[in-house]
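Before any comments, here is the structure.
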Amino acid sequence: MNDMTQTNLQKDLKIVGTRPLRPDGADKVTGRALFGADKSLPNMLVGRVLRSPHAHAKIISIDTKAAEALPGVKAVITSKDFQDLPSEFVPAGEMMVNFKDMTRNIMAREKVLYEGHTVAAVAAINDAIAEEAMALIKVEYELLPHVMDVEEAEKPNAPLLHDDMITIGVEPAPKKPSNVAKRVEFGFGDLDKGFKEADLIIEKKFSTQPVHQGYIEPHACLASVSEDGQGELWVTTQGPFVVRNFCSKILGMSTSQIRVTASEIGGGFGGKTVIYLEPLALALSRKACRPVKMVMSRQEVLMASGPTSGAKIWVKIGVKKDGRITAGDAVLKFQAGAFQGSPIGPGAMCAFAPYEMTNVRVVGYDIVVNRPKVAAYRAPGGPISEYAVESVMDEIAQKLNLDPLELRLKNAAKEGTQAPYGPKLGPIGMIETLEAAKAHPHYSAPLGPNQGRGVASGFWFNIGGETCTSININEDGTVGLTLGTPDIGGSRASMAMMAAEELGVPMSTIRPIIGDTSSLGFNFLTGGSRVTFSSGMAVVESVREIIVELRKRAAQLWDVSIEKVEWVSGHARLVGSENPKSLSLRELAEAAGKTGGPIVGGASINATGAGPSLATHIVDVEVDPETGRTTVLRYTAIQDAGKAIHPSYVEGQMQGGAVQGIGWALNEEYVYDDNGKLLNPGFLDYRVPVCSDVPMIDTVIVEVPNPKHPYGVRGVGETPIVPPLAAVSNAVSRATNIRFNELPLSPPRVLAAIESR
Amino acid sequence: MATLIFNGSLTQFTNGQTECEVHAKNIKSLLGEIREKFPRLSPLIESEGFAIAIDGEIFQDIWFAPISDSSEVHLIPPIGGG
Amino acid sequence: MSKKHISTVINGDAMEFLASPEQSLLDILRDELELTGSKEGCGTGDCGACSIMLDGRLVCSCLVLGVEADGKNIDTIEGMGNGSDMHPLQKKFLEHAALQCGICTPGILIAAKALLEKKPDPTEEEVRYWLAGNLCRCTGYDKIVRAVLDTAADMRAA
């Protein structure tokens with residue numbers, strides 16, 4: 001909780017809102033920056049993972065004797081090396097984690113639940129020996145029937161993944177186990193009445209495929225546990241503190257025994273908020289008493305680390321002739337992967353959130369299937385549910401002959417609107433992004449043959465959470481700033497900017513670093529678009545605290561009370577005297593020893609007041625009627641940032657999210673064979689957008705300040721991936737005059753639809 | 001007294017009640033009051049974790065956010081992110 | 001099989017190493033020579049994060065064997081600057097915020113430099129097709145393409 005109103009919104013800002021070079025930039029363009037796989041230690045071993053070749057099977061036995069006996073092999077681990085943990089939901093940051101599932105996802109126990117599921121791990125003196133050792137591990141499986149699709153998995157006779165899974169959220173609780181982990185429902189009003197009032201009702205089913213975050217850096221870590229049980233972990237992660245807590249629970253170590261240092265992180269997008277290799281590397285290192293490095297191959301990343309859910313969605317919307325929505329109803333069925341925990345809650349909450357609804361219901365189901373457990377992916381759940389709703393909205397606009405932006409404006413949520421999940425919304429920028437889209441030259445540019453223009457809007461919550469920073473005034477008056485949230489896309493720059501702005505000093509005097517888990521109190525992870533918001537708040541609070549200390553020191557030197565000292569442009573100034581005295585930060589720093597010791601400060605907050613960020617995207621496509629291939633011709637992303645601290649990196653988030661969304665809409669998809677084996681575990685045929693696939697992504701930053709942040713920040717990272725799915729699909733539908741309701745819109749699917757038209 | 005509002009599937013656990021008056025002055029005492037008035041919500045709160053929206057502002061895992069007499073309070077699932 | 005002795009020139013310096021027949025040049029660079037600026041994103045030549053120059057040719061070092069480098073000239077990201085200053089592309093990438101996480105950046109810089117040496121005046125389309133073998137998941141490529149075009153313009157003017 002914090003009391004930080006937007007004290008700086010009216011101020012004349014010198015640094016915030018400009019585009020300085022990032023502090024970590026030189027390291028990243030010269031190859032110096034050290035990522036997860038870039039660090040080595042003396043006497044280091046290589047760790048490798050033996051994975052299940054089956055989608056669903058009972059593990060009858062695992063014989064590791066021959067592997068252990070192989071010269072050069074220093075440790076072999078299986079589930080026997082991990083304590084079992086009871087089914088217990090534990091708050092881990094803001095996520096609820098069931099450690100019974102987590103320990104089984106890390107290392108299969110009774111069963112393997114997807115191809116690629118870990119069954120054993122080996123540490124050896126080199127890769128070749130580790131490989132040989134894995135071939136010597138004998139695993140006896142009893143194959144079980146598998147299920148990959150949510151609608152198959154929810155059938156009463158479907159193969160059961162977990163024989164103790166009773167659906168949560170249903171009253172009375174079902175007697176029998178099923179693959180349905182959870183049911184959620186949101187909404188209010190009277191649906192029957194709403195649909196009766198409607199002049200037009202459109203009802204449609206949609207499907208989306210699971211897609212991978214596709215970070216270019218595979219999971220990697222380097223663990224070293226010494227004979228006395230002290231562990232060090234170097235890892236590419238969005239949340240070193242969360243990794244520490246997860247690992248300590250799984251390995252039965254205390255948190256102080258594990259010191260986690262986050263490496264530079266080569267992309268995450270939500271996928272590096274969970275653990276895979278980390279407890280294995282620590283366990284192997286603990287067994288071998290030597291450092292162990294583990295790096296996933298791209299194949300392992302795609303087979304075994306979390307994508308986001310594939311889904312089946314049903315949407316029904318009723319409108320009056322003038323376009324006013326009278327009712328909205330939706331059912332979402334999300335793949336959870338092998339263990340419960342799809343983003344069904346936020347997906348359901350977001351579905352109709354851009355709109356003012358009077359009668360609304362969204363029902364969601366979290367359903368387990370024999371696929372890797374899903375992980376967060378940028379606005380988890382939002383793109384899926386909003387894709388379906390935004391597609392129906394576009395069809396409504398066409399049927400009523402309304403402009404799709406006007407239709408949205410007519411229904412747009414605004415401050416005071418009751419969100420479909422209950423509470424009333426604060427100030428949000430839905431209307432502002434729609435107006436900006438309408439006014440943008442892109443929206444009125446002419447289209448050629450086989451071309452279509454699609455628009456869609458998107459909503460994402462953004463979060464706050466536990467955050468801790470520290471700040472030191474160095475002996476020469478420069479500043480050290482320690483942050484606990486890994487910098488995934490330029491946050492060291494925005495933090496240094498806010499600190500410099502507050503302190504009234506040049507940004508170059510501030511050196512921001514990401515601290516390890518021993519250097520700061522707990523920080524929730526980098527995710528939920530929370531860093532610029534929450535860490536920014538903590539930075540501002542730290543600086544304000546240190547300014548009080550600096551004023552105190554100056555007051556002491558001048559022998560006046562602290563009230564007589566103000567802080568202006570990096571200087572302490574004596575208030576109300578005829579000859580105003582002034583002390584610079586440097587002078588105060590140099591006198592620190594004499595005035596009471598080092599000048600340090602810090603802040604520890606649980607940030608609240610994150611404001612939702614709304615976006616509207618416009619896209620033009622051309623569909624080749626001969627091949628079904630879609631070319632994206634022009635793209636404009638418009639988003640409410642609240643306040644852009646460093647506009648270049650805000651634009652970067654908008655552009656990157658848009659292109660990930662284009663990939664989701666047009667190409668990305670997992671292809672499994674009948675046995676549940678992944679056929680495309682590589683970038684060659686799991687095709688993320690390449691440079692020649694996309695045009696420039698124009699951006700318009702709208703700023704509707706968040707009143708709860710000192711600079712009005714909302715958080716921008718996740719919203720940009722929400723609109724593209726529907727925007728692209730709507731554009732393709734308009735270009736071909738065929739309504740599409742399945743993603744991806746890959747050439748074969750589009751061509752088949754064109755040919756059967 | 002503040003108004004606590006239940007949305008969607010939560011009403012299964014409140015005998016269909018969609019809102020009620022609460023005395024709580026902060027989230028910690030609100031959670032206690034909810035457990036007392038609606039014991040069937042208790043296990044859900046334990047297993048799922050919940051966030052509380054007070055007049056539209058969402059508080060997750062925070063106990064001592066003040067609730068005023070005119071507040072509108074909602075129980076919602078916690079929100080994560082990617 | 002025994003290791004083979006390999007002599008190369010890397011970023012202008014003579015360097016020797018022992019390579020197993022199956023070791024990729026990328027593994028040699030990263031694991032044996034501690035030149036970790038070249039990254040492994042896929043190991044199959046699809047992502048371009050390991051791009052280097054081999055005798056003046058742009059290659060994915062994960063698709064080259066260490067033993068193939070014998071007698072050859074290798075240029076990696078570590079040698080891109082001139083020893084006291086960064087290459088104009090490196091500077092422009094920072095100016096344009098053409099990187100977010102930075103994992104693809106070394107490979108993209110190497111590839112972009114190779115392009116500008118071949119074609120000092122590329123069109124946007126040429127830049128996009130040249131860089132089509134270098135995946136970036138953060139930026140959506142917009143600022144990367146702009147940085148390359150802007151560098152080209154500056155270098156032509158210089």
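Chain identifiers are assigned alphabetically (A, B, ...) following the order of the sequence lines, protein sequences preceding nucleic acid strands; residue numbering begins at 1 within each chain.
Within residues 292-301 of chain A, the residues approaching chain C closer than 4.5 Å by heavy atoms are, in numerical order, A/R298.
Side-chain atoms of A/I697 and A/M654, non-hydrogen and from C-beta on, never get closer than 4.5 Å to each other. Inter-residue side-chain proximity for C/F17 and C/T8 is flagged as met; some heavy-atom pair is nearer than 4.5 Å. Proximity of A/R687 to A/E668: side-chain heavy atoms (C-beta onward) are nowhere separated by under 4.5 Å.
Among C/K143, C/E78, C/H87, C/E22, the residue making the largest number of heavy-atom pairs under 4.5 Å with chain A is C/K143. Among C/G41, C/S38, C/C138, the residue making the largest number of heavy-atom pairs under 4.5 Å with chain A is C/G41. Contact count versus chain C (heavy atoms, under 4.5 Å) is highest, among A/V688, A/D127, A/V659, for A/V688.
At a 4.5 Å heavy-atom cutoff, C/M80 makes no contact with chain A through either its backbone or its side chain. Only the side chain of C/F93 has a heavy atom closer than 4.5 Å to any heavy atom of chain A.
Ring-plane geometry between A/W664 and A/Y377 is classed as parallel, the angle between the planes falling under 30 degrees on a 0 to 90 degree scale with a further cut at 60.
Side-chain N or O atoms of A/S263 include none that pairs as donor or acceptor with a backbone N or O of A/I265 at under 3.5 Å.
Across all non-hydrogen atoms, the minimal contact from A/K272 to A/P218 is NZ-O, 4.5 Å. In terms of heavy-atom proximity, C/I6 sits nearest to C/G66 at CG2-O, 4.0 Å.
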